[in-house]
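Chain letters run A, B, ... following the sequence lines, proteins first, then strands; residues in each count from 1.
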Amino acid sequence: MSKQKKKQKVKKPKPRIFSGFRDVFSEDILLRQRMIDTIRRVYEKYGYLPLETPAIEYVDILGKFLPESTTPQGGVFSFRNPDLSEKAQPDDPNTWLALRYDLTAPLARVFAQYVDIQRPFRRYQVGPVWRYEKPGPGRFREFYQFDFDSVGTSSMAADAEICCVICDALAALGFSEGEYMVKVNNRKIMQGVLEVCGLADLEISESSQAMTVLRAIDKMDRLGLPGVIQLLGKGRRDESGDFTEGAHLENEQIAKIEQYLGSRAESRDEVCRGLFELVKDSEVGRKGVAELQEIDSFLSALGYNGKQVEFDPTIVRGLSYYTGPVFEGVLTKEIKDESGQVKQIGSVFGGGRYDDLVKRFTGQEVPATGASIGVDRLLEAMRSTDNSSCRKSTADVLVTVMDKKCMADYFKLAQEIREAGINAELYLGNGNIGKQMKYADKQEIPLAIIIGSDEFEKKEAQVKDLNLGRKLSEEILDREEWREENPAQQSISRSELISKLREMLG
RNA sequence: GCAGUUGUAGCUCAGUUGGUUAGAGCGCCUGUCUGUGGAACAGGAGGCCAUGGGUUCGAAUCCCAUCAACUGUACCA
């Protein structure tokens with residue numbers, strides 16, 4: 001007795017899940033799978049090859065390309081290497097492991113590690129990455145990225161190609177021209193602008209004024225020009241009363257940057273000309289403009305117009321390792337969220353040129369460029385815009401069980417249907433026929449087959465179109481009517497069953 | 001990280017100036033309906049009122065702490 005009491009006192013684990021992580025169910029997975037397949041076909045059309053790398057890397061592999069960063073430990077899930085005893089050398093670089101937080105750093109490692117890889121090396125990779133940061137709506141600590149990169153080429157053709165691939169991928173997903181846009185900028189131009197403003201005390205370091213300026217520009221889409229100008233000057237107080245310290249620029253400098261941010265124009269060429277005027281006194285700046293012009297020439301030759309790819313000086317793309325052109329694939333379509341508020345989806349692709357990433361391993365210059373898609377975000381966008389007509393179930397047909405003694409026959413029928421290339425599920429539960437219909441309805445299985453003793457005798461089968469029935473039921477008020485009409489159901493001889501199923505499934 | 005708001009059923013929320021047995025809608029299960037989904041009607045299950053401490057004769061309600069969520073902001077490789 002007392003033993004039992006003790007047993008009951010043992011705490012049962014509460015089912016729960018760590019913040020920022022989630023369970024994903026069939027509906028979402030099926031949709032994601034389909035999306036990934038579509039994008040993969042585009043990547044492969046351009047000749048990219050698949051690569052897989054492990055979820056866990058040594059911390060220094062991921063980390064230290066940001067020389068003075070207060071990260072990475074902050075944003076990374078890291079833990080002790082269990083192979084090493086705690087007494088082992090404390091500064092052994094193998095001591096700490098971490099979950100990868102993107103797919104680019106591991107790519108650089110692979111390239112540095114396998115020296116004999118044929119260059120240029122073009123690969124795509126999809127998989128989960130992990131970041132230890134505050135989760136928000138549509139922002140998780142574990143999420144999928146789908147990258148493609150060209151390593152070992154400094155040609156602007158590679159960068160132009162990245163833009164093409166992003167366009168093609170979004171088009172393949174069903175977004176039409178005008179619903180998406182690739183925005184391109186160049187880090188060299190930004191550096192040129194900073195130089196022209198007399199902020200050339202780069203190397204850009206974590207807390208420098210130049211850095212604060214870039215951060216401010218990066219907020220353009222959210223705060224708009226007035227907010228950015230506040231941040232360039234003294235600072236900005238937000239709705240909650242929190243104050244963000246500004247960059248304390250002189251009015252003259254702010255004016256220059258304002259001019260820079262305003263240098264948008266109808267055509268890419270025009271943007272380039274405007275930017276050139278602005279940074280012509282800076283060597284890097286001129287180089288950056290030249291790069292953009294080269295990209296423009298390729299894109300124009302291929303027929304990618306200004307509605308698909310535009311040059312946008314407000315694009316910053318974080319403060320990361322980018323050294324040249326940077327890209328952002330945005331969805332311009334507006335969506336409504338649950339509360340009916342109109343929202344912009346915004347950026348779904350991001351990337352750029354990172355010529356120094358491999359160098360930190362080998363010392364060798366290995367230019368590279370690429371982009372990454374935020375799979376979950378794009379998925380969310382597709383769900384709320386439209387074009388995801390994915391159901392929860394993989395089965396096209398549910399074979400119901402009327403008479404359990406005939407289970408073998410039902411089983412055989414299901415097999416027969418499968419052999420004809422149609423996904424068929426045999427009902428394996430205990431419910432009566434009503435339960436089984438309900439099951440098919442809830443699972444969103446489009447068709448159900450009913451065979452009882454009558455049908456066995458006549459060599460027939462009842463086939464019910466659940467989707468059609470659901471529609472018809474809206475007009476039926478009375479139970480009797482509902483039952484007698486048996487909506488959307490028909491008798492079909494066994495010999496014609498398969499072809500009829502095919503026909504009904506379209 | 002900082003600031004504000006909020007934690008009551010699976011979900012969305014009521015819950016009086018502290019008062020005895022904690023409420024609704026939706027969803028779920030069962031039946032009306034023994035070979036047919038929906039609707040309708042009837043019934044049922046489901047709560048340590050986030051957690052821990054205080055104040056009080058008495059706390060979902062008041063106070064403190066912790067945790068979590070949401071919003072803004074910062075950071076974002």
Phosphate oxygens OP1/OP2 of B:rA68: is one of them under 4.0 Å from a side-chain N or O of A:S19? no
Electrostatic pair A:E460:A:R494 at N-O distance under 4.0 angstrom: no
Would you mind writing out the side-chain donor-acceptor pairs for residues 449-458 of chain A within the sub-3.5 Å range, not counting sequence neighbours?
unit_1, atom_1, unit_2, atom_2, d
A:E455, OE1, A:G452, N, 2.9
A:E455, OE2, A:Q462, NE2, 3.2

Donor-acceptor pair under 3.5 Å: do we get one between A:K134's side chain and the base of B:rG72? yes
Side chains of A:D356 and A:T323: any donor to acceptor distance under 3.5 Å? no
Nearest-nucleotide pick for A:Q462, side chain only, options being B:rG35, B:rA74, B:rC76: B:rG35
Tell me if the side-chain of A:R215 makes a donor-acceptor pair with the base of B:rC76, cut-off 3.5 Å, by modelled atom types. no
Would A:Y321 pass as stacked on B:rA77, i.e. its ring centre under 5.5 Å from the base's six-membered ring centre and planes under 30° apart? no
Select base, sugar-phosphate, or nothing to describe what A:E455 touches, counting heavy atoms under 4.0 Å on all strands. base
Would A:R100 and A:W130 count as a cation-pi pair here, with the cationic atom under 6.0 angstrom from the ring centre and within 45° of the axis? no
Taking the inter-plane angle between the rings of A:Y439 and A:Y427 on a 0 to 90° scale, is it parallel (under 30°), tilted (30 to 60°) or perpendicular (over 60°)? perpendicular
Any residue of residues 393-402 of chain A with a heavy atom less than 4.0 Å from an atom of RNA chain B: A:M402
Separation of atom CZ in A:R353 from atom C1' in B:rA77, rounded to whole Å: 19 Å
Specify the separation, in whole Å, of atom CZ of A:F18 and atom P of B:rA69. 9 Å
Does a distance-only test, which skips hydrogens and angles, find a donor-acceptor pair under 3.5 Å between the side chain of A:K464 and the base of B:rG37? yes
Atom CG in A:L232, atom CD1 in A:I217: separation rounded to 0.5 Å? 6.5 Å
Would you mind classifying the nucleic acid contact of A:G452 as base, sugar-phosphate or nothing, using non-hydrogen atoms under 4.0 angstrom? base
Classify the nucleic acid contact of A:I433 as base, sugar-phosphate or nothing, counting any heavy atom under 4.0 Å across all strands shown. sugar-phosphate
Quantified in whole Å, what is the P atom distance between nucleotide B:rG25 and nucleotide B:rC62? 27 Å
Rounded to the nearest Å, what distance is computed from the CZ atom of residue A:R141 to the P atom of nucleotide B:rC75? 19 Å
Taking the same atom, C1', in B:rC28 and in B:rA9, what whole-Å distance lies between them? 12 Å
Quick one: label A:S453 by what it contacts on the DNA or RNA (base, sugar-phosphate, nothing), any heavy atom closer than 4.0 Å. base
Salt bridge A:R317-A:E328, side-chain N to carboxylate O under 4.0 Å: yes
If you measure from the C1' atom in B:rA68 to the same atom in B:rA50, how many Å do you get, rounded? 7 Å
Nearest-Å distance once atom C1' is located in both B:rA74 and B:rG4: 15 Å
Protein-nucleotide distance (A:F140, atom CZ; B:rC76, atom C1'), rounded to Å: 17 Å
Please state the C1' separation for the pair B:rC49 and B:rG18 - nearest whole angstrom. 15 Å
Among the nucleotides B:rG35, B:rC29, B:rU36, which one has an atom lying closest to any side-chain atom of A:D454? B:rG35
Determine: side-chain N/O of A:R360 to OP1/OP2 of B:rA77, distance under 4.0 Å, yes or no. no
Going by distance alone, is a donor N or O of one side chain under 3.5 Å from an acceptor N or O of the other, for A:T244 and A:R236? no
With a 3.5 Å cut-off and heavy atoms only, can you find an N or O donor on one side and an acceptor on the other between the side chain of A:Q436 and the base of B:rU36? no
Would you mind telling me which of B:rC28, B:rU73, B:rG35 lies closest to the side-chain atoms of A:I450? B:rG35
Walking RNA chain B from its 5' end, the first of A:L223 and A:Y322 to be reached, judged by nearest nucleotide, is A:L223
Are A:D149 and A:Y354 close enough that a side-chain donor and a side-chain acceptor fall under 3.5 Å? yes
For the side chain of A:K438, starting at C-beta, report the closest nucleotide among B:rG35, B:rC29, B:rC76. B:rC29
Distance check needed: B:rU36 C1' versus A:Q490 CD, whole Å only. 15 Å
What is the distance, rounded to the nearest whole Å, between atom CG of A:L214 and atom P of B:rC76? 10 Å
Look at the side chain of A:L466 and decide which nucleotide, out of B:rU73, B:rA77, B:rG37, has an atom nearest to it. B:rG37
What nucleic acid atoms does A:K435 come within less than 4.0 Å of, heavy atoms only: base, sugar-phosphate, or nothing? sugar-phosphate
Please determine, for the side chain of A:K219, which listed nucleotide (B:rG35, B:rA74, B:rG37) has the closest atom? B:rA74
Span that lies between the C1' atom of B:rA77 and that of B:rA3, in whole angstrom: 27 Å
Going by an N to O cut-off under 4.0 Å, is there a salt bridge joining A:K359 and A:E365? yes
Relative to the 5' end of RNA chain B, which residue comes earlier, A:G20 or A:R317, by the nucleotide with the nearest heavy atom? A:G20
For the P atoms, the ones on B:rA42 and on B:rC48, what distance do you get once it is rounded to whole angstrom? 29 Å
Please work out if A:R139 contacts a base, only the sugar-phosphate, or nothing of the nucleic acid, heavy-atom cut-off 4.0 Å. base
